[in-house]
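Before any comments, here is the structure.
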Amino acid sequence: MSVYLFAKELIRNSGAFIRNRMEESFQVESKSNPNDLVTTVDLETEQYIRTKIKEIYPEHNIVGEEYEADIVDSKSGYLWIIDPIDGTLNFVHQRENFAISIGIYKDGEPYAGLILDVMKDKLVSAEVGKGAFVNDEKLETVKTSHLSDSLVGISHKWLIREDIKAPLIEIVKECRSPRSLGSAALEYAQLIEGRIEAAMFFRLSPWDFSGGKIIGNEVGIITTDFLGRENNWLEQTSVLATNAVLQKEITDIIKKDDGFILAHDTFHNIHKSDL
């Protein structure tokens, strides 16, 4: 069995693990702030995934949201980047609209991506160079679009932050309509399926976007930061994922706002010497 086929089986089994675990009580705690939640199900699911990987591939490295990374060399061998529950607030409040997200790199290059909508048991996945699939149905390349006829995924909380809101509000005004699911992985899945045309996240960690970025590339989705620059795939970053035409329209709006650029790069600790 290939690593990709193993990953598909593992993510399905992990989804079943969560659905069964939800029938029992679990604890909810805060991490960095009262809205940054973690549950015992997050922790148990990541441990479940880690254990299953190590049973078959003990030499593979793993980076996850909830436990310390065991990565030694990101450019050698296989690296799994895991979010056991993307959309923990939705998991706690809604008991739906959350996902497991996995990105896999081989020798520093993208190998495979997987996003499972847990409660729908719907898997969006790709092995690099072989196309993207929803369950067993192959997806077509996404169509290009303009802002005026596009649905754009963007969190409302960034629209009220004074130092960055101006170009984001302009994007919201010019697009057909904004959307926010509360799960970056599920917004990526919608983007990959062609249900929205762009997804924007001012701050994501690698486990939030690695799977989606790898899958999206298979259907013509470009993933960069808000200024059109390549993301560092092992660090927090802003993420703009969309088709080529819309990517230019959005970055053109953002790039004309010097205040936004300064606030963005300061927030992400980016210096001119890094570019």
Side-chain angles (χ1 to χ4, degrees), residues 4-5 7-12 14-16 18-19 81-87 90-91 94-104 110-155 171-172 175-201 204 207-224 231 239-250:
Y4 174 58
L5 291 179
K8 289 178 69 176
E9 182 178 287
L10 174 59
I11 200 170
R12 291 277 195 193
S14 302
I18 292 174
R19 291 191 297 272
I81 304 178
I82 300 165
D83 193 339
I85 297 181
D86 182 80
N90 292 347
F91 171 76
Q94 301 175 341
R95 300 298 182 97
E96 62 180 357
N97 299 321
F98 61 92
I100 302 170
S101 179
I102 298 175
I104 307 174
Y111 168 72
L114 307 95
I115 297 169
L116 181 73
D117 184 328
V118 173
M119 300 312 292
K120 293 180 180 179
D121 195 30
K122 183 170 75 170
L123 178 63
V124 179
S125 65
E127 183 178 7
V128 169
K130 298 182 179 180
F133 294 80
V134 175
N135 296 328
D136 296 321
E137 179 182 351
K138 190 170 185 178
L139 293 169
E140 298 180 357
T141 300
V142 295
K143 298 177 181 178
T144 58
S145 62
H146 294 283
L147 198 51
S148 60
D149 57 13
S150 296
L151 298 182
V152 176
I154 186 169
S155 173
I171 290 164
V172 167
C175 75
R176 176 159 283 170
S177 184
R179 292 289 186 270
S180 181
L181 284 178
S183 165
L186 289 184
E187 285 194 13
Y188 245 117
Q190 286 203 341
L191 180 65
I192 291 160
E193 292 183 76
R195 300 181 189 278
I196 61 175
E197 283 68 44
M200 302 180 65
F201 313 96
L204 287 184
W207 42 83
D208 298 313
F209 71 91
S210 293
K213 180 176 181 178
I214 293 169
I215 306 166
N217 190 59
E218 292 293 303
V219 293
I221 291 167
I222 299 169
T223 296
T224 66
N231 309 94
V239 171
L240 168 62
T242 186
N243 63 75
V245 172
L246 190 50
Q247 196 256 6
K248 184 178 186 306
E249 289 187 10
I250 290 174

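By convention here, the first residue in the shown sequence is residue 1.
With rounding to the nearest 0.5 Å, the separation of OG in Ser14 from CZ in Arg19 is 10.0 Å. Atom-to-atom distance recorded for Leu114:CG and Lys8:NZ is 8.0 Å, nearest 0.5 angstrom. Ile82 contributes atom CD1, which lies 11.0 Å from atom OG of Ser210 (distance to the nearest 0.5 angstrom). Here CG of Leu181 is found 6.5 Å from CG of Leu186. Values are rounded to the nearest 0.5 Å. Between the CG atom in Asn135 and the NZ atom in Lys120 there is a gap of 11.5 Å [rounded to 0.5 Å]. Note that NZ of Lys213 is 12.5 Å distant from CD1 of Ile221, once rounded to the nearest 0.5 Å.
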Ile18 vs Phe98, test: side-chain contact (heavy atoms from CB on, under 4.5 Å). Steps then yes/no. CA-CA 11 Å; Ile18 292 174; Phe98 61 92; 3.9 Å; yes
Going through the distances and angles, do Asp86 and Ser183 end up as a side-chain hydrogen bond (donor to acceptor under 3.5 Å, both in side chains)? CA-CA 6 Å; Asp86 182 80; Ser183 165; 2.6 Å; yes
Where do Ile171 and Met200 land on the side-chain contact (heavy atoms from CB on, under 4.5 Å) test, with the steps shown first? CA-CA 11 Å; Ile171 290 164; Met200 302 180 65; 3.9 Å; yes
Take Lys143 and Asn243 through the side-chain contact (heavy atoms from CB on, under 4.5 Å) test and state the conclusion after the steps. CA-CA 7 Å; Lys143 298 177 181 178; Asn243 63 75; over 6 Å; no
Mind running side-chain hydrogen bond (donor to acceptor under 3.5 Å, both in side chains) on Thr223 and Asn231 for me, showing each step along the way? CA-CA 8 Å; Thr223 296; Asn231 309 94; 5.6 Å; no
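Nearest approach of Gly15 to Leu116, heavy atoms of both residues: CA-CD2, 3.8 Å. The minimum heavy-atom distance linking Ala112 with Val128 is given by the pair N-CG2, 4.3 Å. Residues Ala7 and Ile104 share a closest heavy-atom pair of CB-CD1, 3.8 Å. The nearest pair of heavy atoms linking His146 to Leu246 is C-CD1, 3.8 Å. Nearest heavy-atom pair across Ala132 and Glu218 is N-CB, 3.9 Å. Looking at every heavy atom in both residues, Glu187 comes nearest to Gly153 through OE1-CA, 3.6 Å.
Under the rule for a side chain to side chain contact (heavy atoms under 4.5 Å, CB included), Thr141 has no partner lying at least two apart in sequence or in another chain. Qualifying side chain to side chain donor-acceptor pair (under 3.5 Å) partners for Arg195, counting only residues two or more places apart in sequence or in other chains: Glu193.
Ring-plane geometry between Tyr188 and Phe201 is classed as parallel, the angle between the planes falling under 30 degrees on a 0 to 90 degree scale with a further cut at 60.
Distance alone, capped at 3.5 Å, is enough to place a donor-acceptor pair between the Tyr111 side chain and the Tyr4 backbone. Within the 3.5 Å criterion, the main-chain N or O of Asp121 finds a donor-acceptor partner in the side chain of Arg12. Proximity of a side-chain donor or acceptor of Glu249 to a complementary backbone N or O of Leu147 within less than 3.5 Å is detected.
The side-chain contact (heavy atoms from CB on, under 4.5 Å) test with Phe209 singles out one residue from Ile214, Leu204, Ile81, Asp83, and that residue is Leu204. Of the options Val152, Ile196, Ile154, a side-chain contact (heavy atoms from CB on, under 4.5 Å) to Pro178 is made by Ile154 and by none of the others.
The neighbour count for Gln94 CD, taken as heavy atoms of other residues, nucleotides or ligands under 6.0 Å away, is above 12.
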